[in-house]
There are 2 protein chains.
Amino acid sequence: MPHTTMLSRPASTAQQVHDWLYQRIIRGELPPGTRISETEIGDRIGLSRQPVREAFIRLAGEGLAEIRPQRGTYIGKISVMSVLSARLIREAVESDLCRMVAGLRPDLSQMEAELVIQQQADQDKDVAEFIASDDRFHHAIATAAGQPAVWQDLERLKSQMNRLRHMSMRVFDRSQTIAQHRAILEALQAGNADAADAGIRLHLRQMLTELPEMAAAQPDYFTE
Amino acid sequence: MPHTTMLSRPASTAQQVHDWLYQRIIRGELPPGTRISETEIGDRIGLSRQPVREAFIRLAGEGLAEIRPQRGTYIGKISVMSVLSARLIREAVESDLCRMVAGLRPDLSQMEAELVIQQQADQDKDVAEFIASDDRFHHAIATAAGQPAVWQDLERLKSQMNRLRHMSMRVFDRSQTIAQHRAILEALQAGNADAADAGIRLHLRQMLTELPEMAAAQPDYFTE
DNA sequence: CAGACTTTACTTGTATGGAAGTATACCATA
DNA sequence: TATGGTATACTTCCATACAAGTAAAGTCTG
């Protein structure tokens, strides 16, 4: 196979439309159940239906949109089952990753830096920045374990969780999240695999309490 | 298998094209690196380029095809990183699931039945049936743990692994796989969480020895 | 007024024609 | 022979037209 060029060509129009919609969905700007239309979006951004349609297909493949033939396309509701499933998978995987990190004793300075960023974002009430740093913190665990590809796979599963987090982060206490992160980091720095394991599991079980509350507050945003 | 709509409506043409190509890729009938073309496939099955194109987009989203703009579309090579990542995730998740099953002591008769099927398929050298039963065996673990949705998520990650298995199952000893399955089942029946955990981890690490051998035998089918 | 039928305005699905880009065979030239 | 330009035959990408299906408003009928 010919060598793949490192020079990144400008992404295709369909790709750009997909990314734009993806971000809007994850951030909650397009609420679950919202109806979207190929022609309507195409007209608004000056494109034909085709690239928009292809973006819809990709979103449906990611579980973020539901295409009902001849009826319309809708922003998918947040699947409670998907969130619980992704949460369980994250707990199992990140638990193993933490044990690997505790054994490797690698450099963890990036995780320290993210903790500082999270404190600042908490003070500034910058939800988007807090979530972004939270992701980088967990990503750093996978990297420190020598398994960066694992995080890529988790990202795909996380999309439903991320939508929930954008909702819940505005409501729930972020300082508790920071404290849990610190406990995990200290256990990793000490090379204490059992403590790191327990810390990450406790941290990721936080969602088990947040999910029912958010589902009760906005029942029409969720589906079983 | 990609999620097929349970609706009675016949699937769209694009969906059928996708499913057809998906099966051919997983089974190795379309080897990695094979060039496929919208027009060529469309002509062969009597369709226009559009439905075929949309099937390509879906396959690319699943990591099974690579669309190179203005150049061509190719069956994706088996990503070693993806296989290793999916394997690590499976080990972590199924380990946790086994611990849950050992605590719940549910009915495990389906897993017993699958063991019988696997022995028969081994004798008959029916590779496809053996793999199908293998999948049902692991699926039953998730179901017994009360987490059927988790298996759906693992399925999406498993596609690259499945391609490898269709290659390696013809080469490697299947009786060893059966013995490992039996050890796991007996540990679960005894409610021995530690033994079940150790058994499933040993079982899933089998791939760590198979992968390098297959990659060495068919290097042009793989990419890092 | 209630209910069934019809019209109409949407939706997504598919087909087709060109636009832009790429790779290769061909050929002239030194 | 080796080299570089050029024509040509592809590819995917996007726009457009039409087909098939849905849903809801409007209308007729009892």
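Residue numbers begin at 1 in each chain, while the letters A, B, ... track the order of the sequences. Only a predicted model underlies this, so the values are computations on that prediction, with no experimental measurement involved.
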With a non-hydrogen cut-off below 4.0 angstrom, is B:Ile36 in contact with a base, only sugar-phosphate, or nothing?
sugar-phosphate
Tell me the interatomic distance from [X], atom [atom1], to [N], atom [atom2], rounded to whole angstroms.
X       : N      : atom1 : atom2 : result
A:Tyr74 : D:dT22 : OH    : P     : 13 Å
B:Glu54 : C:dG13 : CD    : C1'   : 8 Å
B:Phe56 : C:dT14 : CZ    : P     : 15 Å
A:Arg53 : D:dC18 : CZ    : C1'   : 14 Å
A:Ile67 : D:dG21 : CD1   : C1'   : 16 Å

Out of C:dT12, D:dC14, D:dC13, which nucleotide sits closest to the side chain of A:Ala14?
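Per side-chain heavy atoms of A:Ala14, the pick is D:dC14.
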Looking only at D:dA23, C:dT14, D:dC14, the nucleotide nearest the A:Arg71 side chain is D:dA23
What class does the angle between the rings of B:His181 and B:His203 fall in, given that below 30° is parallel, 30 to 60° is tilted and above 60° is perpendicular?
perpendicular
Quick one: list whatever passes salt bridge (Lys or Arg N to Asp or Glu O under 4.0 Å) with [X], sequence neighbours left out.
X       : answer
A:Glu54 : B:Arg53
A:Glu91 : A:Arg87, A:Arg201, A:Arg205
B:Glu40 : B:Arg44

Any chance CZ of A:Arg156 has more than 12 other-residue heavy atoms, nucleotides or ligands included, within less than 6.0 Å?
no
side-chain N/O B:Ser37 vs D:dT11 OP1/OP2, d < 4.0 Å
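Yes.
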So, is A:Ser12 close to the D:dT12 phosphate, meaning a side-chain N or O under 4.0 Å from OP1 or OP2?
no
Pairs of donor and acceptor atoms involving the side chains of residues 20-30 of chain A, under 3.5 Å and at least two apart or interchain, shall be tabulated with distances.
unit_1	atom_1	unit_2	atom_2	d
A:Arg24	NE	A:Glu29	OE1	3.4

For DNA chain C, which residues of residues 38-51 of chain B approach it to below 4.0 angstrom with any heavy atom?
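Contacting residues: B:Leu47, B:Ser48, B:Arg49, B:Gln50, B:Pro51.
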Strand-adjacent residues in residues 15-24 of chain A, judged by heavy atoms under 4.0 Å from DNA chain D:
none
Quick one: which residue pairs count as a side-chain hydrogen bond (donor to acceptor under 3.5 Å, both in side chains) with a foot in residues 211-224 of chain B, not counting sequence neighbours?
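Those involving residues 211-224 of chain B do not exist here.
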Determine which pairs satisfy side-chain hydrogen bond (donor to acceptor under 3.5 Å, both in side chains) with at least one residue from residues 73-83 of chain A, sequence neighbours left out, and list them in order.
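Every pair satisfying side-chain hydrogen bond (donor to acceptor under 3.5 Å, both in side chains) with a residue in residues 73-83 of chain A: A:Ser79-A:Ser82.
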Using side-chain contact (heavy atoms from CB on, under 4.5 Å) as the criterion, list what pairs up with B:Asp153, not counting sequence neighbours.
A:Ser85, A:Ile89, A:Leu157
Between the base of D:dT11 and the side chain of B:Gln70, is one N or O donor paired with an acceptor at under 3.5 angstrom?
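It does not, because no donor-acceptor pair links the side chain of B:Gln70 to the base of D:dT11 below 3.5 Å.
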